[in-house]
Number of protein chains: 2
Amino acid sequence: MNIGQFAVLTGVSAHTLRYYEKIGLLRSVVRNGSGHRDYAAKEAEWIGFINRLKETGMPLKQILIYAELRAKGDATAGQRQLLLEQHATQLAERIRHEQEHLAALEQKIHYYQTHFSG
Amino acid sequence: MNIGQFAVLTGVSAHTLRYYEKIGLLRSVVRNGSGHRDYAAKEAEWIGFINRLKETGMPLKQILIYAELRAKGDATAGQRQLLLEQHATQLAERIRHEQEHLAALEQKIHYYQTHFSG
DNA sequence: CATTGACTTAGAGTTAACTCTAAGGCGTAA
DNA sequence: TTACGCCTTAGAGTTAACTCTAAGTCAATG
């Protein structure tokens, strides 16, 4: 699959896919006879996981650390697990904070309702 | 209170306070005889609310819209309420997404536990 | 055979939100 | 009175994560 098709499949632009490759998030992208990138469909799962980490606020630099461990194989599983556990803990805490913020917003909205409903 | 003291009180750097004033988030900051900014302690509440909006992912540009409505007085209460309601809705949705992401992370962690625990 | 459209690269440009620098002024403690 | 730490301004620099540009290659279509 060429980069355009893979971009559609993953929802990540071709520009961004090249960028991810350049910074090391994507490794072992093979080329066809013309030198064009040729993606395997199953690589889309990895992009999906990158997106999940991004959407939970992990910076690319840290995702890159995970990617490097992943590229080293099973021996690094423990380190990757630790990394994910730490991230999950942070995420849980962020969710708690956001729930507090949401409650505060709803209270403020209620204030607007009761004081300015005229 | 001078800018340094107000920075400590709010947890926002003096640089950033000047920046907020420049872009219009902070209005009516009065000056003392030497031309130095002189903050009222109760302005810290507004900074706190700005921080809440920021921490829930609202861009400064949109916070600025709220600030402009606020500066116009009670007549704009309805618009401000609407703005907050929309933001609260988005926030609630984001929290839901993050909870899904958290569940997926925990499942992946569990996978690491069961497959690489040696 | 010419055009079209997708691909290649290195590197420049963008946006948000700061963050810092340079050059200078004011007030007070030693 | 001099040193210190605060303050002032305009504007430059930073970081993250893209996003785009320019110049060129290549395969397939009319």
Side-chain angles (χ1 to χ4, degrees), chain A residues 1-41 43 46-68 87 90-91 94 101, chain B residues 1-41 43 46-68 87 90-91 94 101:
Chain A
M1 175 171 2
N2 70 23
I3 197 170
Q5 292 165 330
F6 193 64
V8 171
L9 176 65
T10 59
V12 171
S13 79
H15 277 308
T16 301
L17 286 171
R18 293 196 196 95
Y19 169 70
Y20 281 180
E21 188 176 334
K22 184 159 65 177
I23 67 173
L25 270 188
L26 261 42
R27 285 134 191 278
S28 68
V29 177
V30 301
R31 303 304 179 103
N32 68 12
S34 318
H36 291 191
R37 291 169 180 82
D38 185 13
Y39 293 90
E43 273 293 274
W46 171 231
I47 300 286
F49 189 60
I50 289 174
N51 278 334
R52 192 185 286 290
L53 293 178
K54 273 203 318 160
E55 279 167 36
T56 52
M58 189 185 281
L60 288 192
K61 265 191 186 165
Q62 207 177 341
I63 299 176
L64 187 53
I65 293 173
Y66 184 91
E68 279 160 0
H87 185 58
Q90 284 170 29
L91 178 56
R94 178 140 41 83
H101 286 316
Chain B
M1 174 174 359
N2 71 21
I3 197 169
Q5 292 165 329
F6 194 63
V8 171
L9 176 64
T10 59
V12 171
S13 78
H15 277 308
T16 300
L17 286 171
R18 292 194 199 96
Y19 168 69
Y20 281 0
E21 188 176 336
K22 184 160 64 178
I23 67 173
L25 271 187
L26 261 44
R27 284 133 192 279
S28 66
V29 177
V30 301
R31 303 302 179 105
N32 67 12
S34 319
H36 291 191
R37 291 169 180 82
D38 186 11
Y39 293 89
E43 272 293 275
W46 171 230
I47 300 285
F49 189 60
I50 289 173
N51 278 334
R52 193 186 285 290
L53 293 177
K54 274 204 317 159
E55 278 168 36
T56 52
M58 188 185 281
L60 288 191
K61 266 192 186 165
Q62 208 177 338
I63 298 176
L64 186 53
I65 292 173
Y66 185 91
E68 279 161 0
H87 185 59
Q90 285 169 30
L91 178 56
R94 177 140 41 84
H101 286 315

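Protein chains get the first letters and strands the later ones, always in sequence-line order, with residue 1 at the start of each. These numbers come from a predicted model, not from an experiment.
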Given [options], identify the nucleotide with an atom nearest to the side chain of [X].
| X | options | answer |
| --- | --- | --- |
| A:Arg18 | C:dT9, D:dA17, C:dC18 | C:dT9 |
| B:Lys61 | C:dT19, C:dA16, C:dT8 | C:dA16 |
| B:Ser34 | C:dC7, D:dA17, C:dG27 | C:dG27 |

Would you indicate what B:Ile23 reaches in the nucleic acid, counting non-hydrogen atoms under 4.0 angstrom: base, sugar-phosphate, or nothing?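 Nothing, no nucleic acid heavy atom in range.
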Specify the separation, in whole Å, of atom [atom1] of [X] and atom [atom2] of [N].
| X | N | atom1 | atom2 | answer |
| --- | --- | --- | --- | --- |
| B:His15 | D:dA12 | NE2 | P | 16 Å |
| A:Gln5 | C:dG5 | CD | P | 17 Å |
| A:Phe6 | C:dA6 | CZ | P | 18 Å |
| B:Lys22 | C:dT19 | NZ | P | 14 Å |
| B:Tyr20 | C:dA17 | OH | P | 8 Å |
| A:Leu64 | D:dA17 | CG | C1' | 13 Å |
| B:Arg31 | D:dC6 | CZ | P | 18 Å |
| B:Arg37 | D:dT9 | CZ | P | 4 Å |

Short question: side chain of B:Gln90, backbone of B:His87 - any donor-acceptor pair under 3.5 Å? no
Using modelled atom types and a 3.5 Å cut-off, is there a donor and acceptor pairing between side-chain atoms of A:Asp38 and backbone atoms of A:Met1?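 Confirmed, A:Asp38 side chain pairs with A:Met1 backbone.
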Measure the shortest side-chain to side-chain distance between A:Leu17 and A:Ile47 over non-hydrogen atoms and say whether it is less than 4.5 angstrom. yes
Any side-chain heavy atom of A:Glu68 within less than 4.5 Å of one from A:Arg27? yes
Report the relative orientation of the aromatic rings in A:Tyr66 and A:Trp46; use parallel for angles under 30°, tilted for 30 to 60°, perpendicular for over 60°.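 Ring orientation of A:Tyr66 relative to A:Trp46: parallel.
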Does A:Asn2 place a side-chain N or O at less than 4.0 Å from the phosphate oxygens OP1/OP2 of C:dC7? yes
Can you tell me if A:Lys54 touches the phosphate of D:dA16, counting only side-chain N or O atoms and a distance under 4.0 Å to OP1 or OP2?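 Answer is no, no contact under 4.0 Å.
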Both B:Leu60 and A:Asp38 contact DNA chain C. Taking the nearest nucleotide for each, which residue is further toward the 5' end? A:Asp38
